[in-house]
Every structure is written in C-alpha cells, then in structure tokens.
Amino acid sequence: MRSVREAWKAAVASAVADMLAEKGADPSLSEAVAAEAPPDAAMGDVGFPMFPFAKALRMGPPQIAAALADRLVAEASAGAAPAGTVKAVGPYLNVFLDRASVAAQALGSRSLGSSYGRSSSLAGSKVMIEFSSPNTNKPLHLGHLRNDVLGESSARILKANGAEVMKINLVNDRGVHICKSMLSYMAYGGGRVPEDEGKKTDHFVGDYYVRFNDLKKDDPKAEEKAQELLVKWEAGDPETIALWKKMNEWAVGGIRRTYDRTGVSFDKYYYESQIYLTGKDEVQKGLASGVFFKADDGSVRVDLSPIGLEEKVLLRKDGTSIYMTQDLGLAIHRHQDWPFDRLVYVVANEQQYHFKVLFYILKRLGYDWADNLFHLSYGLVNLPEGRMKTREGTVVDADALLDSLRELALEEIQAKGREDAVGDPLDTAEKIALGAVHYYLAQATPSKDMIFNPKESLSFNGNTGPYIQYMGARISSLLRKRDRGEGSASKGSVRPELLSSPSEWELVRLVSSYPEAVEQAGAEYNPAIVAAHVYAIASAFSKFYHDEPILSCEDPDQAATRLALSEAVLVVLKNGLELLCIPFLEAM
RNA sequence: GCGUUCGUAGCUCAGCUGGAUAGAGCGACGGACUUCGAAUCCGUAGGUCGGGGGUUCGACUCCCUCCGGACGCACCA
C-alpha cells in the first residue's frame, strides 16, 4: 500500500511542479505535497491538500485540484500514472486506489506468515536496550511490568525492522536497601529458607525488607547498622558476603521465574555489585583532557551550563564514585563489549535529568555513538484508587496481580462451560491474564502516566487484550471448520477483486498498512502504535464477521476469498500480538 | 523559586508530525441470537480540545502567557 501511495505522491508532486513552472513560479514548492488519509473512505483512499500552492499559482485550491485531476487523468490514459483514479473533492485532490491490486497484495501476507510486517528499515544497526533493572530486595511490581513490556516489546519491534538487538538487564544488587533486608533477616530469619514458609524466593526476601520497619522499632540503631553492614560488604567481609549471596540468589531466582512467566528474557545480565566501581578511570581521563575540572573542595565536576544546568559532581572529594560515574563507565564498557550503534534505556521518567546529563557527558567525551542514545522514558502506573505507595502497602505485586487475573479468567471459562473446548483451562486463563496486562500496559503512550484498571483490562469487551485474543480464536475456529471440510470454500478459488464491501476494504487497508505501523513503532520506540493497529484490525474483523457470512457463504469463490482475507487478518493478529508479548490463543 | 512534562466526552485513552464534520473503549440509554463462538454487533446521548492571546489560507497540533496536576532541581540509586 505504501509503494502505491508513494507512487501517487510522486506523480502528484511532478504534476504540481509542472503547473508551477508553467506559471513562472518556483517548481521546488511542489515538495510541499503531502499524502493524507481522507476522513471517509467514500471520498478516496489518499488525499492531497492543495492549499499550499494557492498563492504561487494565483488560483483557489479547488481550481488547482480540478486542473490537476484533468492533467493526471490525461497522463493515466497515456499510461504514465500509477493504477487508480483521481478526483477533485473541493480543495483536495483524492485518489481511489485500484482495490483489486491492493487486496491481492494484502492476501499475499498469508504466504509470508510470521515474516509479514518485517522491514529492513533498521538493517545493519546494532541496538542495545536496557530494561527492567530490578532491585534484589523485593519482587517485581506493576511498574516493572510496564517497564518489562515496553522493553521486551520494543526489542521485538526493533528486530522486526531488521536491527540486531542485545537486551540487557542491570540488576541493582548492592546498596543500603539490600543491607536492610539482610539485617532484617539476621534479626528475624532464624536461618529459615523460602521452602520453610512455602514462599516464592523473591517474596521471601521482600517480606524481610518490609519487616525492616519492625526492626527500626525494635532497634533504634537499625539504620546505622545498615550503613555499617554496607561498609562490611564493601570490605568483603566473608560472612556478610555469604548472606548477601544467598539472599540475592533467592531474589534473582524468583524474579527470573516471573520473567519466564511473562515471556521476558535478556541476552545479558549486568550486576551493579560487579560494576559499581567502573567509571572512575573515565572520569580521570576526562579530567586530564579538560572536559571535567577539579573543584576547590577536591571533587571532580562537570560544567553543565552549556545545557542550561548547574554543575554535577562525578567523583567525591574522597575519590568515591556516584551513580552518574557508574552509568558513565558502564555505557563505555558496554560499547567495548558489544559495539552498538544505538543504546536505549527503558527507565521511568523521574530520571530524565540523569539521562540528559549522562548523554551530554558522553558526547563531551567525544564518543561518536553518543548521538544515538535514547531514554525511553515512561510514566507512573497508578491504580483507580490512587497512587501506589510502598510505605502504605498499596504496591501491586506482579505475581499476585497475574494470579488474580488468571483466577478471574478461569471463572469466566468455567461460567461459559468452555473447559473442554480450550483443553487446558488453567493454561488458557494464564494466557488471557497475560494478554490483559500486557495489552493494557502497551497500548498507552509510554511517556504518560497511566491508570491501570485490572477489571477493565480483563474485559472481553472493548479495547483490551482478551478482545483481540478472542478475534484470533474466532478465526482459528473458522479455519478448523474449513479443514474439517465444512463450507464450500475448498471448492472455490480466491479472487481478490471480490473484496469490495466497506468492511472488506477496511480489513484490506489495515492488513496492507500493518508493516508501516511496525516500522513507525520501531522508529519511535513506541509499541502503542502496534497495539492500536492490532486493535483496529480486530475490531474491523469483528464487524466483518458479524455482517458477512464467511465459511457459510453460498458462492464458493466468495467463501474462499473471504476465508483468505480472514487468514490474512490472522497473520497480522499473530504477528502483532507476538510483538506485544501477548500469547495467541487458538481457542478460549 | 527554576526546569521538564501533561491537561481532549462522566471515566480510561487516540488524534498519522499544521489540513476536510475532533475519534475509540468503558459507563448510561435503546436495539440485534432457529444462522460461521452474543466473551459479539448496531444505534442514541455526551466536547468552547484547561483559559486567554499570537503565527498561518488553516491550530487539538507551533509560540507566548495564565490556571491546574505530575516529576525533577543530591557528593541517593
């Protein structure tokens, strides 16, 4: 569809340039030709507004559109224009595409299967993407799920556009917050292990972190002791390290189980405990080259006035490093490990300042890849009841959320009496729960704060994951029937020109523009674009399915063609859901 | 106080990089199952696009200003 549209755009631009030249105006003004979508398909498939040329041509836009239409019709009769017909509609020049050829192209997606929607727009580029980055003192919560789905989905979209992608996870496994859960365990743990309490290992650790609040009441010096423990840890005290290792294995092990459950994976794990000292040497180099300076108090700083900010300390006066130092070193080391062209950080928007400064410093240090750093900044996830707060215990635990959604989905399957039809009810319920959460989180514009409504996410009605999964299941059901010999489709042949009704054309249009959506999502690091497209096609299919007989169509050719269209829709649904980390279901 | 960002229907969100009558979903109200899965579909009501200026042939979109919310402004991560 794009190629046809581009061809028309070029044809219109060339015709406009000719008109401008004839009137003695500058032909390069024709670069302002823009292809748009008319509000109603009855007005045309592609529209070109003529306003920008009115002044230069000394004509009203409607007159320009009419004159241009005549010109292009003449070219078409001479075989010089792309397929389709043109029509002046007020100030717009509209094009009606040759629907049969667009439909034929859309049906071609069936043979491409899982590769339909791939592009080479990012071919040859290496993209590293960092996401999730959990702390090892507590399990994943709803906010992580948004981070994870944005990261994993973006990675899949980038790959679909031809990029080579390296997914990395930076685990925050050191620091005073980790020491707090250790201290709490030392006080209350009594040597117990997760199995003793029948708990998932990361929850076991998280519970001790929460109990640090009790410890503060029992022991007024708890905060101090946590700091002391951190010092012991940094000194490599064997006992401290042993406990730290044990608890971290529990935490990371549990978190990994949640990743397995949600379909998130990483190519490489980095641990802060191993890299928190990196970056010092880079700062020293920058100091030597004059990018940084030594302040009167002995600390090393960078001047941020060129980007309208103050100074930033990079090394304390005692020579110890800070967060920025570490991230600086890590970025450089990562590039040595795997020379990426772009580096994407999926991190909450509260760290915008941090990345602004980090990117600026890397650029000042002269790294050529510093121009292609991107902070995929996302907003908070809140609940209908209000904001999640750790202290108030209103944080939504990821595992518990998935469990409760799975339970609700299971109840629905049972209520509909579909246990036998779905085969494995619990597994199906789990996949519906995952579809609900991932779709809901992925469909929102990343940068904005959002409200997560669990009940709404699971609704089988409306703009939800399960609704889309349902359309996939319906099409699968049709195909099963066809394979069993039902209907007349097998006796007919596929004829794209039969796809002419409004609902059929809408589906053709959406199938054929799917690759553009994937490409745009990749260019903007925005899975929501794929989500919107997948929902649109599911919704359009639902209408089509309701209005038109498919398998039960009397005319074999029409049945075969409509079934082929359904298969094309299925290809888009499957591929799109895959990009969004939403399981596809044959039946539900 | 300074900076960033957001404000679109009762609620949750789109709005294709400045174009045709601002769109969906939920909720409300009213319809559609002897028919491929009604976990669906159709219709109705509901908006001064936070307010006010400006740029433009044309502004939800760009600029300024005010109001309101969020986040940041550490030698914490």
Side-chain angles (χ1 to χ4, degrees), chain A residues 34-40 43 47-52 54-55 60-61 89-92 94 133 135 172 174-177 272 276 295 297-301 308-310 312-318 320-327 348-354 356 377 379-380 382 384 387 409 412-413 415-416 418 421 432 440 443-445 447-453 455-456 459-464 466-467 469-471 473-478 481-482 486-487 513 516-517 520 524 528-529 532 535-536 539 542-543 545-553 559 562-563 566 587-588:
Chain A
E36 286 161 10
D40 183 351
M43 300 166 87
F48 300 92
M50 290 299 125
F51 305 100
K55 202 169 278 176
V89 182
Y92 292 85
N94 289 351
S133 304
N135 290 328
N172 297 301
R174 66 166 287 278
V176 74
H177 51 298
E272 263 194 35
Y276 77 104
D297 66 358
S299 62
V300 178
R301 307 183 180 199
L309 298 170
E310 310 277 309
K312 175 80 186 173
V313 172
L314 297 176
L315 280 180
R316 297 187 181 97
K317 61 186 169 201
D318 63 3
T320 55
S321 65
I322 59 172
Y323 178 44
M324 185 64 74
T325 322
Q326 170 190 311
D327 250 10
N349 60 16
E350 62 200 6
Q351 292 199 36
Q352 278 175 116
Y353 166 84
H354 174 76
K356 190 175 179 183
S377 167
L380 252 53
N382 296 314
R387 212 172 147 170
E412 192 66 24
I413 290 169
K416 302 282 172 192
R418 291 197 53 84
I432 292 171
Y440 205 98
Q443 55 83 32
T445 300
S447 60
K448 292 189 188 179
D449 288 354
M450 67 180 294
I451 294 177
F452 180 80
N453 185 328
K455 244 185 211 129
E456 195 179 297
S459 167
F460 301 93
N461 251 334
N463 188 1
T464 68
Y467 172 86
Q469 288 173 313
Y470 176 54
M471 292 310 145
R474 273 177 151 183
I475 298 174
S476 302
S477 173
L478 278 177
K481 291 195 168 173
R482 189 262 323 265
E486 290 185 34
S513 60
E516 290 170 57
Q520 193 190 348
E524 296 176 18
I529 292 168
Y535 172 69
S539 173
S542 190
K543 182 175 169 55
Y545 179 89
H546 186 267
D547 293 348
E548 318 279 2
I550 301 170
L551 195 59
S552 54
C553 212
R562 286 182 175 165
L563 209 55
S566 304
M588 60 191 283

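Letters A, B, ... are given to chains in the order of the sequence lines, protein chains preceding strands, and every chain is numbered from 1.
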Asks: Of all the nucleotides listed (B:C75, B:C41, B:U12), which has the minimum atom distance to the side chain of A:Ile451?
Replies: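 Per side-chain heavy atoms of A:Ile451, the pick is B:U12.
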Asks: Side chains of A:Thr320 and A:Asp318 only: does a donor on one sit below 3.5 Å from an acceptor on the other?
Replies: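 Yes.
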Asks: Within the pair A:Ser552 and B:U35, is there a side-chain N or O less than 4.0 Å away from OP1 or OP2?
Replies: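 No, because none of the side-chain N or O atoms of A:Ser552 sits under 4.0 Å from OP1 or OP2 of B:U35.
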Asks: When you check the phosphate oxygens OP1 and OP2 of B:G72, does a side-chain N or O of A:Lys356 lie under 4.0 Å from one of them?
Replies: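 No, A:Lys356 has no side-chain N/O under 4.0 Å of OP1/OP2 on B:G72.
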Asks: Give me the distance, rounded to whole Å, that separates B:G58 from B:C6 when you measure between the C1' atoms they each carry.
Replies: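 So the two C1' atoms sit 26 Å from each other.
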Asks: Which part of the nucleic acid, if any, lies within contact of A:Met43, taking any heavy atom under 4.0 Å across all strands shown: a base, the sugar-phosphate backbone alone, or nothing?
Replies: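 Base, at least one base atom sits under 4.0 Å.
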Asks: Classify A:Pro52 by what it touches in the nucleic acid, base, sugar-phosphate, or nothing, heavy-atom distance under 4.0 Å.
Replies: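 Base, at least one base atom sits under 4.0 Å.
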Asks: Once you round it to whole Å, what is the distance between C1' of B:U5 and CG of A:Asn349?
Replies: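 Going from A:Asn349 (CG) to B:U5 (C1'), I get 8 Å.
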Asks: Could you give the distance separating B:G54 and B:G15 at their C1' atoms, to the nearest angstrom?
Replies: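 Per the computed distance, 24 Å lies between those C1' atoms.
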Asks: Check whether any side-chain N or O of A:Lys55 sits under 4.0 Å from OP1 or OP2 of B:U56, and answer yes or no.
Replies: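 Looking at the OP1 and OP2 atoms of B:U56, neither is under 4.0 Å from any side-chain N or O of A:Lys55.
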Asks: If you define the side chain from C-beta out and look only at heavy atoms, does anything of A:Ser321 sit under 4.5 Å from A:Leu315?
Replies: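 Contact flag for A:Ser321/A:Leu315 side chains = yes.
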Asks: Taking the same atom, P, in B:A22 and in B:G69, what whole-Å distance lies between them?
Replies: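 These two P atoms come out 31 Å apart once rounded.
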Asks: Could you tell me the Watson-Crick or G-U partner of B:U44, where both distances fall under 3.5 Å? Say none if there is no partner.
Replies: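 Paired with B:A28.
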Asks: For A:Gln443 and A:Tyr535, run side-chain contact (heavy atoms from CB on, under 4.5 Å): C-alpha distance rounded to whole Å, both residues' side-chain angles, the deciding distance at 0.1 Å, then the answer.
Replies: CA-CA 9 Å; A:Gln443 55 83 32; A:Tyr535 172 69; over 6 Å; no
Asks: Given atom NZ of A:Lys448 and atom P of B:A70, what is their separation to the nearest angstrom?
Replies: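 Answer to the nearest Å: 17 Å.
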Asks: Between B:A39, B:C42, B:A20, which one does the side chain of A:Lys543 approach most closely?
Replies: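 It is B:C42.
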Asks: Quick check on B:G37: is either OP1 or OP2 less than 4.0 Å from any side-chain nitrogen or oxygen of A:Tyr545?
Replies: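 It does, given that an N or O in the side chain of A:Tyr545 lies less than 4.0 Å from OP1 or OP2 of B:G37.
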Asks: Choose from B:A38, B:A20, B:A39 the nucleotide whose nearest atom is closest to any side-chain atom of A:Arg474.
Replies: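 Between B:A38, B:A20, B:A39, the one nearest the side chain of A:Arg474 would be B:A38.
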Asks: With the side chain of A:Leu551 defined as its heavy atoms from C-beta on, choose the nearest nucleotide among B:C36, B:G25, B:A77.
Replies: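 Nearest to the side-chain atoms of A:Leu551, counting from C-beta on, is B:C36.
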Asks: How many whole angstroms separate atom CG of A:Asn461 from atom P of B:A39?
Replies: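 Computing the A:Asn461:CG to B:A39:P distance gives 9 Å.
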Asks: Name the nucleic acid region contacted by A:Glu36, choosing base, sugar-phosphate or nothing; use a 4.0 angstrom heavy-atom cut-off, strictly under.
Replies: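 Base contact.
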Asks: Looking at B:A39, B:C13, B:C41, which one has an atom nearest to any side-chain atom of A:Met588?
Replies: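 So the nucleotide nearest the side chain must be B:A39.
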Asks: For A:Glu36 and A:Pro38, work out which heavy atoms get closest and say how close.
Replies: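 In terms of heavy atoms, the two residues are closest at O-CD, 3.5 Å.
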Asks: What distance, rounded to whole Å, do you find between the two P atoms, one in B:C66 and one in B:G1?
Replies: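 Approximately 11 Å lies between the P atom of B:C66 and that of B:G1.
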Asks: Among the candidates B:A38, B:C26, B:C41, find the nucleotide nearest to the side-chain atoms of A:Tyr470.
Replies: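 Looking only at side-chain atoms, A:Tyr470 lies closest to B:A38.
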Asks: So what does A:Glu310 touch, heavy atoms closer than 4.0 Å: a base, only the sugar-phosphate, or nothing?
Replies: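 No contact.
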Asks: Does a nitrogen or oxygen in the side chain of A:Tyr353 sit under 4.0 Å from OP1 or OP2 of B:C2?
Replies: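 Looking at the OP1 and OP2 atoms of B:C2, neither is under 4.0 Å from any side-chain N or O of A:Tyr353.
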Asks: Contact class for A:Phe48 vs. all strands (heavy atom < 4.0 Å): base, sugar-phosphate, or nothing?
Replies: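 No contact.
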Asks: Tell me the interatomic distance from A:Glu412, atom CD, to B:A39, atom P, rounded to whole angstroms.
Replies: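 In whole Å, B:A39 P lies 9 Å from A:Glu412 CD.
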Asks: Taking the same atom, P, in B:U4 and in B:A20, what whole-Å distance lies between them?
Replies: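 It comes out at 30 Å once rounded to the nearest Å.
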Asks: Using a 4.0 Å heavy-atom cut-off across all strands, classify A:Pro38 as base, sugar-phosphate, or nothing.
Replies: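 Base, at least one base atom sits under 4.0 Å.
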Asks: Measuring from the side chain of A:Ala473 (C-beta onward, heavy atoms only), which nucleotide among B:A70, B:C75, B:G37 has the closest atom?
Replies: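 The answer is B:G37, which lies nearest to the side chain.
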Asks: To the side chain of A:Met450, which of B:A70, B:A77, B:C13 is closest?
Replies: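 Of all the options, the side chain of A:Met450 is nearest to B:C13.
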Asks: Tell me whether the OP1 or OP2 atom of B:C75 has a side-chain N or O from A:Lys317 closer than 4.0 Å.
Replies: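 For A:Lys317, the contact criterion (side-chain N or O under 4.0 Å from OP1 or OP2 of B:C75) is not met.
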Asks: If only side-chain N and O atoms of A:Ser299 are considered, is one of them under 4.0 Å from the OP1 or OP2 phosphate oxygen of B:C75?
Replies: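 Answer no for this pair, as no side-chain N or O of A:Ser299 is under 4.0 Å from OP1 or OP2.
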Asks: If I pick the P atom on B:C42 and the same atom on B:G25, what distance separates them, to the nearest angstrom?
Replies: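 Rounded to whole Å, the distance is 8 Å.
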Asks: Please examine the side chains of A:Thr464 and A:Glu456, heavy atoms only from C-beta on, and report whether any two atoms are closer than 4.5 Å.
Replies: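 Answer no - side chains too far apart.
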Asks: By the 4.0 Å heavy-atom rule, please label A:Gly379 as base, sugar-phosphate, or nothing.
Replies: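 No contact.
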Asks: Indicate, with a heavy-atom threshold strictly under 4.0 Å, whether A:Glu548 touches base, sugar-phosphate, or nothing.
Replies: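 A:Glu548: base contact, heavy atoms under 4.0 Å.
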Asks: Please work out if A:Ala587 contacts a base, only the sugar-phosphate, or nothing of the nucleic acid, heavy-atom cut-off 4.0 Å.
Replies: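 The answer is base, as A:Ala587 lies within the cut-off (heavy atoms under 4.0 Å) of a base atom.
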Asks: Taking the same atom, P, in B:A74 and in B:A28, what whole-Å distance lies between them?
Replies: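 My reading of the P atoms in B:A74 and B:A28 gives 49 Å.
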Asks: Counting only side-chain N and O atoms of A:Lys481, is one of them less than 4.0 Å from OP1 or OP2 of B:G37?
Replies: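 For B:G37, OP1/OP2 do have a side-chain N/O of A:Lys481 under 4.0 Å.
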Asks: Do A:His177 and A:Asn172 have side-chain atoms, one donor and one acceptor, less than 3.5 Å apart?
Replies: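 The criterion, which ignores hydrogens and geometry beyond distance, is not satisfied for A:Asn172 and A:His177.
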Asks: Assign B:C33 to syn or anti; the rule is syn for a glycosidic angle within 90° of 0 and anti otherwise.
Replies: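 Syn.
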Asks: Select one nucleotide: of B:G25, B:C41, B:G37, the one nearest the side-chain heavy atoms of A:Arg418.
Replies: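 Closest nucleotide to the A:Arg418 side chain: B:G37.
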Asks: With C1' as the reference atom in both, quote the distance from B:U61 to B:G7 in angstrom, rounded to an integer.
Replies: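 Roughly 14 Å separates the two C1' atoms.
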Asks: Between B:A77, B:G37, B:A20, which one does the side chain of A:Ser477 approach most closely?
Replies: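 Shortest atom-to-atom distance from the side chain points to B:G37.
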Asks: Does B:U17 sit syn or anti, given that only angles within 90° of 0 count as syn?
Replies: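 This nucleotide is in syn.
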Asks: What does A:Asn453 touch in the nucleic acid at a heavy-atom separation under 4.0 angstrom: a base, only the sugar-phosphate, or nothing?
Replies: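 Touches nothing.
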Asks: With respect to the phosphate group of B:A14, does any side-chain polar atom (N or O) of A:Thr445 fall under 4.0 Å of OP1 or OP2?
Replies: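 Result: yes.
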Asks: Which nucleotides of nucleotides 44-49 of chain B have their base under 4.0 Å from a protein heavy atom (B), which only their sugar-phosphate (S), and which neither (-), written as one string 5' to 3'?
Replies: ------
